[in-house]
There are 2 protein chains.
Amino acid sequence: MGRGEATRERILAIAESAVLAKGFGATSIEELIAEAGITKSGFFYHFHDKNALARALLERYMAREDAQLDDVFARGRELAGDPLHGFLAGLKLLAETMSDLPGDYPGCLVATYCYQERLFDRDVRELNRRIVLRWRLRFSAILDEIVVQQPPRAPVDTQALADMVSTIIEGGLVLSRATGDSQILPTQLMLLRHYIQLLFEP
Amino acid sequence: MGRGEATRERILAIAESAVLAKGFGATSIEELIAEAGITKSGFFYHFHDKNALARALLERYMAREDAQLDDVFARGRELAGDPLHGFLAGLKLLAETMSDLPGDYPGCLVATYCYQERLFDRDVRELNRRIVLRWRLRFSAILDEIVVQQPPRAPVDTQALADMVSTIIEGGLVLSRATGDSQILPTQLMLLRHYIQLLFEP
DNA sequence: CGGTTCACCGTACCGGACGTCCAGTTTGAC
DNA sequence: GTCAAACTGGACGTCCGGTACGGTGAACCG
């Protein structure tokens, strides 16, 4: 990573935590450059305007999130003999990961963006949308595999069930933040896991 | 409702939709008074600063939400012979209500506030927290009643399950907004309903 | 060794947003 | 007719945010 890239990355890291804490609109460029130790001109060298920052933040976030989910569910799959129990193990690992997160409680950029829609241009909103659809695809692929192997107790809409994973994560984050209780999200993930157990286990 | 109260209410209504669309930080007082047809002095006559507006918005929102939930679950209870099926009916009614909401997709003030924490003073944050705990109490009371009458298939943490209702609603709103698909929230509510069915029905 | 590019710095500017102040005016209730 | 409530009008201060643009040191390149 060259010097420029390092600065860019530093700005993004600072911006992400600020945006998650206060929202995008309330995060000032001045505040970012102060913490990053650069000038305003330096900032605008890397991002042509604030929307470009928003997009870069979201792209970075998506890549990291993807990698984390890949990892968690791959590890879950390795622990189990069949897709169902691999998925269940993955959900448990995810809950544990979420439960051990340090410091100020984290949020989801997708959620902060969708509650400030009007601040962003079409590109950013479309990217946000694609991220959610990507999650749906990720989980529905796993669920489709499970359905083939393990006939469910009741007919299952794998897309809706895939969305349920995202729904629980987003909702759990909101509740965790609102109450200050970081255990809500992992607990909710375990309830989802239980639902899937009831659905598929004999 | 006197003249003053009517103006105040008008400001709040305008502010609520603006805040849900763009976030609190990005909603300007100037913009609100333009739409309300009053002057800045008029605004500050009703709200001593922006935080006071935030608190009033949240209080109004909570009252409305409470009334709606009261209504929906009371109607559900009337349709059914026992608490379990009353709750299930209530969830279905709620899903239908959410599915028929008109116009630009609605959100939840609690969620927008908790993703912009730093903008608000302690009072507002505490109020936000109390709203979520109130929801927990509301649903766990129903669930406790159900558990007594209908032994669940597996041991149930009624508080966590109560939180699951809020989690699904908040998460469903995020996904609905992000994708632009207003059916996600009702669909997710029906999945939650199904989980509760599996938990309690023989 | 000259030139070019990268990665910034310094500084200036404009408008917008919050908030204050205060004097004056309309409205409705009694 | 009086009084308080509910505003209007407009000026003002202050901060910040996005933008613009010219300069500059270091690194690389031929």
dA6(D) phosphate, OP1 or OP2, under 4.0 Å from T7(B) side-chain N/O: no
side-chain hydrogen bond (donor to acceptor under 3.5 Å, both in side chains) contacts touching residues 10-32 of chain B (sequence neighbours left out): E16(B)-R60(B), E16(B)-R64(B), K22(B)-E31(B), S28(B)-E31(B)
Between P of dC6(C) and CZ of R8(A), the distance in whole Å: 15 Å
Under 4.0 angstrom between H46(B) side-chain N/O and dA6(D) OP1 or OP2: no
Integer-rounded Å distance: dA20(D) P and Y45(A) OH: 17 Å
Donor-acceptor side-chain pairing of H46(B) and E9(B) below 3.5 angstrom: no
Per-nucleotide protein contact string for nucleotides 11-30 of chain C, where B marks a base within reach and S marks sugar-phosphate only (heavy atoms under 4.0 Å, - for neither): B-----SBBB------S---
Length of the line joining I33(B):CD1 and dA6(D):P, which is rounded to integer Å: 18 Å
Pairs meeting criterion side-chain hydrogen bond (donor to acceptor under 3.5 Å, both in side chains) with involvement of residues 161-189 of chain B, two or more places apart: R136(B)-D163(B)
Listed partners of F200(B) passing ring-ring contact (aromatic ring centres under 6.0 Å, His included), at least two apart: none
Report, one line per pair, each donor and acceptor closer than 3.5 Å where one atom sits in a side chain of residues 87-96 of chain A; sequence neighbours left out.
none

ring-ring contact (aromatic ring centres under 6.0 Å, His included): pairs with one or both residues in residues 175-199 of chain A, sequence neighbours excluded: H194(A)-Y195(B), Y195(A)-H194(B), Y195(A)-Y195(B)
